[in-house]
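Each remark here refers to the structure printed beneath this line.
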Amino acid sequence: MPLNSLKIPMVDSLRKPIAEEIRPGVKVPAKDTILTPRFYTTDFEAMAKMDLSPNEDELWAILEEFQADYNRHHFVRTPEFDGSTEGLDPATKKVFVEFLEQSCTSEFSGFLLYKELSRKLKTKNPLLAECFGLMSRDEARHAGFLNKAMSDFGMQLDLGFLTANKKYTFFKPEYIFYATYLSEKIGYWRYIAIYRHLEQHPENRLYPIFNFFENWCQDENRHGDFFDAVMKAVPWTVNGLRSRLWCKFFLLAVFATMYIRDVQRKEFYEALGLDAREYDKYVIKKTNETAGRVFPVILDVDHPKFYEQLENCVQNNLKIAKIEESGAIAPLKLLQKLPLYASNGTIFASLFFMKAFRSEQALAAVQ
Ligand SMILES: [Fe+2]
Ligand SMILES: [Fe+2]
């Protein structure tokens with residue numbers, strides 16, 4: 001038998017996928033948990049009716065920035081991607097794929113929401129519609145670039161499958177503002193923190209995608225500024241007791257989710273020479289400070305109890321993951337997990353009732 005005809009079956013049988021596949025090269029999306037990125041929908045009518053006149057000038061200026069499209073030529077694959085994953089060991093490849101998948105899903109979730117908003121608001125609120133349309137352009141680029149990066153690892157996400165099969169969470173417009181503002185600003189700090197770290201430690205730059213993070217994070221920063229301007233245009237979203245409670249809730253939910261998730265996949269950060277906990281503490285501190293420019297309250301993230309309690313959640317989640325992996329029957333698993341869920345709920349409540357700072361005070365303290 002000629003050597004060539006042996007070669008293909010051998011390579012195929014030796015090919016071990018680094019993740020579960022729907023079909024060859026297409027990854028089964030990560031199971032939905034409280035920690036995985038969500039897809040959102042909202043009350044489009046209520047959003048369309050919003051009167052933006054109190055801050056319209058700033059929104060027009062932001063729209064001009066979006067139209068300038070500074071990153072038009074940024075997301076272009078360079079030759080350094082070719083063969084860039086060859087030297088990585090399977091364990092590192094696995095954590096990279098998880099990181100890329102989670103990032104791609106978040107970016108794609110932003111794309112879907114912004115695209116739908118731009119479509120639904122087109123005739124009723126053209127200024128908002130135009131801004132959402134241009135932000136969806138950016139998120140499509142980000143998601144596409146990440147998905148292409150996954151293919152360097154022999155995997156891709158089927159984004160059509162994801163669109164059709166993910167559950168959509170309904171949020172009122174003001175919750176969309178809080179959640180997306182925070183996710184844009186936290187995205188900015190996450191990308192820039194990795195970029196600056198790798199600038200100092202080029203030996204840890206294991207894969208070329210990180211070279212793109214500097215300009216990339218500016219897109220996220222501009223998107224965050226857009227939501228900042230929208231909330232200022234609709235002042236009731238950031239004034240009064242109700243908004244203080246909701247802003248506190250969203251800050252806590254976003255920070256806690258990120259911290260628990262990142263500590264669980266600390267190997268990815270280790271591969272880049274970062275400590276997941278230190279990295280997250282930095283990102284949380286910076287995002288919290290940034291949020292003080294528009295949110296009426298921010299959290300006391302320097303309080304020793306804050307991370308002590310989050311660490312208790314990390315431990316609970318590790319136990320939940322072990323139970324899920326065990327061979328026990330579903331009702332028994334649920335019974336075992338219930339006290340852990342209850343404990344997480346109590347922890348979340350205790351963090352929620354910790355004293356927060358009113359933003360004017362907090363900003364004065366950090367200046
Ligand atoms: Fe993005
Ligand atoms: Fe964004």
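Predicted model only: the values in this text are computed from it and were never measured. Remember, it's 1-based here, ligands and their atoms both numbered in the order they're listed.
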So, is Glu139 placed with an N/O/S atom under 2.8 Å from the Fe ion (ligand 1), counting both backbone and side chain?
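Short answer: yes, at least one N, O or S atom is under the cut-off.
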Look at the N, O or S atoms of Glu107, main chain and side chain alike, and state whether any lies under 2.8 Å from the Fe ion (ligand 1).
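Glu107 does place an N, O or S atom closer than 2.8 Å to the Fe ion (ligand 1).
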Relative to each other, are the rings of His223 and Phe66 parallel, tilted or perpendicular (30° and 60° limits)?
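Rings of His223 and Phe66: perpendicular, over 60°.
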Kindly report the ND1-the Fe ion (ligand 2)-OE1 angle for His223 and Glu184 respectively, rounded to 10°.
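Output for this angle: 100°, rounded to tens.
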In residues 308-315, what donor-acceptor pairs under 3.5 Å come from side-chain atoms, sequence neighbours left out?
unit_1	atom_1	unit_2	atom_2	d
Gln309	OE1	Asn312	ND2	3.1
Gln309	NE2	Ser350	OG	2.9
Glu311	OE1	Arg277	NH2	3.0
Glu311	OE2	Tyr259	OH	2.5
Glu311	OE2	Arg277	NE	2.7

At the Fe ion (ligand 1), what angle lies between atom ND1 of His142 and atom OE2 of Glu220, rounded to 10 degrees?
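That angle works out to 90° after rounding to 10°.
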May I ask you to decide whether Arg141 forms a salt bridge with Glu107, counting only side-chain N to carboxylate O separations under 4.0 Å?
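A salt bridge is absent here (no side-chain N lies under 4.0 Å from a carboxylate O).
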Leu335: which other cluster members, linking ILVMFWY side chains closer than 4.5 Å, directly or transitively?
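Its cluster partners, ordered by chain and number, are none at all.
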